[in-house]
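The block underneath contains the structure these notes are about, expressed in structure tokens.
The analysis underlying the following values was restricted to heavy atoms, covering all of them including side chains, and did not include hydrogens, waters or symmetry mates. Just so it is clear: chains get the letters A, B, ... in the order the sequence lines come, proteins before strands, and each one is counted from 1.
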Protein chains: 2
Amino acid sequence: MTALPTVGDVAQAAGVSRQTVSNVLNAPQVVRDDTRDRVQAAIDRLGYRPHASARRLRTRVSSTIGVRLPFVDRDGVSGAVLDRFLHELAEHADARGMRIMLFAARDHDDEIAQYRRLRDGADVDAVVVTATSYDDPRIDWLATERMPFVAFGRPWGSPHADDPGRPWVDVDGFAGTREATAHLLGRGLRRIGWLGWPEGSGTGEDRRAGWAEAMAAAGVDAAELEVLSLSAEDVASLARSTVERRLGGRTPDAAGLDALVCASDSLALGAMMAVREAGHPRFPVVGFDNTPVSAALGLSSVDQCLDLVAIAALELLLGDTGERVLPPGDPGIRAPHRLIPPRLVVRRSTPLTPTG
Amino acid sequence: MTALPTVGDVAQAAGVSRQTVSNVLNAPQVVRDDTRDRVQAAIDRLGYRPHASARRLRTRVSSTIGVRLPFVDRDGVSGAVLDRFLHELAEHADARGMRIMLFAARDHDDEIAQYRRLRDGADVDAVVVTATSYDDPRIDWLATERMPFVAFGRPWGSPHADDPGRPWVDVDGFAGTREATAHLLGRGLRRIGWLGWPEGSGTGEDRRAGWAEAMAAAGVDAAELEVLSLSAEDVASLARSTVERRLGGRTPDAAGLDALVCASDSLALGAMMAVREAGHPRFPVVGFDNTPVSAALGLSSVDQCLDLVAIAALELLLGDTGERVLPPGDPGIRAPHRLIPPRLVVRRSTPLTPTG
DNA sequence: ACCCGGGATTTGAACGATCAAACTAGCGGG
DNA sequence: CCCGCTAGTTTGATCGTTCAAATCCCGGGT
């Protein structure tokens, strides 16, 4: 026969019923050992593969997680973060018997329409929401519809921040910049500047706060912190001109700066271009995200440990060991909100001795 | 009622049979206008969504394309190319009613096993194969099993290169480097060097040949070409030391170089660092891939036009307009091998100097 | 008056799996 | 000897859709 074998064919070959074959695959413990071996042999011999769609139709479980493909951000360096997250997610999802389905969406409304279609069509059991914003309509929709999901990104300032029905995973930016700053302080540097984004971003404020805390712990007062703080949009060229303006033709030392901690690799790249151009190639600059850019340029950077983020995201959907998406708020899920501590990657751009 | 509406519910609401509802969705032209309107109204009113798995079970069509998630290449810049391709693919697939399913695989054998599972489980109709190599076992398997696929990357040197049953899309590297070289020649530069990869890569040889042809057309003889040619592994730091060795402390001019065309942005970055360190920030360097790195550094680069690549890949699977994967070798598919011409993106060539 | 053609619609069966309930042994206790 | 219990297995129904074939309807030709 040319058609693919079905449970019926396997059952016939093994001399058992369809249901027993099904049990061997889905609940092996209820089948007697010798029967199981016989059925397994038939499965192997016929090369049987379960028909995923038939199973889904009956069980209403797809073992698939939907992810909206984040924007193509042509000039930004930051897109790489979501790409890497996607990589890690796919890899660890595979290890837990899940697959990732991508979809595109123009805006939030369109994305919600896609959620509905994917769920109603039994295409996905859950979705991962990325690039969350304050009062995100997608999160509201998912929560009220009780569709399983997990967000990559905290709901900054939302009244629902602690709602266990709205699980999220995020990177602890505060801890990351604090570590980066402490590292520089430990090298004997003192006037460590901050280059962040314009106000209004939860992530940006969080990362700045980490720097501020480390500086405060080293005895720097609030007024001086204000002086050490710069900001620019997340584009290398703008960061560069911001730093150039700050230097105003002076040496960094004369401008009151021993080093710079940045909110992103884009900013760090711009800052590095400015100081190197001004003739201070060893001025320490630390970035955030550990993108290929920082690696190629030998820039120290805070790595987001996206593998841990992906693993945590899956735990929030599947529980610690399961292979099935749990309903929202299920007790099998431990802490529904996870902060992943990032890791400072030190490269040669932060030399052991300060230079001017 | 709390359960999702089915075709049966819609049929009842519209006073027609299940099949007519099905026809409204899949073959509207066979349904009389007024009936169609009535059914459509019922669909909208009930918020009916077809159950994708049930449809797949019956039709044996999944409207899904599988893509193995390309490697996580932590330090390389090049991974960004496949990521961008994936973005474009997802976006254009969506426009043609297709979705992308990701999967992970450890090696080629594992990948083939996944192909089989995905196909037998009716999870995907076709796959896109990336990072192809000479005599790729995956391609052989797909071709002999007659499973629909398209490769991103030419089968360099394979005897099956012209087999219409083995469709591929690729970027015309030759044309890209030729254009980049011609651009520099047009600016009055003459001794344009080549920085490529060590021999043995089809893609590398192709890109080098484009440079060589443009140079030959400008009257440079073979012996001189040999002198102008450098190579390094695809890592910025190695590229940098290769160029430094070539300069040997001299100015680029004294070392016989007016500019450099590179096989990748990683190489270009290394080259740029070397010449800038040597005090020649305006020495023109052109990269390949137009990654965020080159954009951020203001490096000219050859853009692969991955949107066109993705569109072409879908055409090779679906035909010009269809929404269904065609069997391998179907006449609905025009040319089964497509070379996409890339586009030179010119940026200011000396990003690290103050403008002026 | 009859039949024919063909467009529009309906009917029953099938896709391949799992669920729920029923059945069969085999065993021990009363 | 019968009853109940349990572990293991089988049976019939079902998930929601589309296919293939049958049916209905209506106008026109002979």
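What separates CG of A:Asp33 from C1' of D:dA7 is a distance of 13 Å, to the nearest Å. If you take CD of B:Gln29 and P of C:dT9, they are 13 Å apart, rounded to a whole angstrom. Atom-to-atom, CZ of A:Arg56 to C1' of D:dT17 comes out at 15 Å; the value is rounded to the nearest Å. We find that CG of B:Leu46 is positioned 14 Å from P of D:dG16, with the value rounded to whole Å. The CZ atom of A:Arg117 sits 19 Å away from the P atom of D:dG16 (whole-angstrom rounding). For A:Gln19 and C:dC19, the CD to P distance is 7 Å, given to the nearest whole Å. Taking atom CG on A:Leu4 and atom C1' on C:dC15, their separation rounds to 13 Å, with Å as the unit. When rounded to the nearest whole Å, the span between CG of B:Asp9 and C1' of D:dT17 equals 13 Å.
OP1 and OP2 of D:dT17 both lie 4.0 Å or more from every side-chain N or O belonging to B:Ser22. For D:dG16, one of the phosphate oxygens OP1 or OP2 lies less than 4.0 angstrom from a side-chain nitrogen or oxygen of A:Arg60. The side chain of B:Ser17 places an N or O atom within less than 4.0 Å of a non-bridging phosphate oxygen (OP1 or OP2) of C:dT10. At C:dT9, none of the side-chain N or O atoms of B:Asn23 fall inside 4.0 Å of OP1 or OP2 (strictly under the cut-off). A:Thr20 has a side-chain polar atom (N or O) that falls below the 4.0 Å cut-off from OP1 or OP2 of D:dT10.
Below the 3.5 angstrom threshold, one finds no donor paired with an acceptor across the side chain of A:Arg55 and the base of C:dT18. With hydrogens and angles left out, the side chain of A:Arg58 and the base of C:dT18 share a donor-acceptor pair within 3.5 Å. At a cut-off of 3.5 angstrom, the base of D:dA7 holds no donor-acceptor pair with the side chain of A:Arg32.
Salt bridge present: B:Arg56 and A:Asp123 bring a charged side-chain N and a carboxylate O closer than 4.0 Å. The pair B:Arg99-B:Asp125 does not count as a salt bridge, with every side-chain nitrogen at least 4.0 angstrom from each carboxylate oxygen.
Looking at heavy-atom distances under 4.0 Å, A:Arg49 makes contact with sugar-phosphate atoms alone, never a base.
Between B:Arg38 and A:Thr59, the residue anchored nearer the 5' end of DNA chain C, judged by the nucleotide with its closest heavy atom, is B:Arg38. Residue-to-nucleotide proximity on DNA chain D shows that, of A:Thr35 and A:Arg18, the 5′-proximal contact is made by A:Thr35.
Environment of CZ in A:Arg36: crowded, with over 12 heavy atoms of neighbouring residues, nucleotides or ligands closer than 6.0 Å. For CD of A:Gln12, the number of neighbouring non-hydrogen atoms (other residues, nucleotides, ligands) closer than 6.0 Å is 12 at most.
With D:dT11, C:dA17, C:dT9 as the choices, the nucleotide that has an atom nearest any side-chain atom of A:Ala54 turns out to be C:dA17. Ranking C:dT11, C:dG16, D:dT9 by closeness to the B:Leu57 side chain, first place goes to C:dG16.
B:Arg96 is listed as a side-chain neighbour of B:Glu315, based on a closest heavy-atom distance under 4.5 Å.
Relative ring orientation between B:Trp168 and B:His337 is described as parallel, the plane-to-plane angle staying below 30° on a 0-90° scale split at 30° and 60°.
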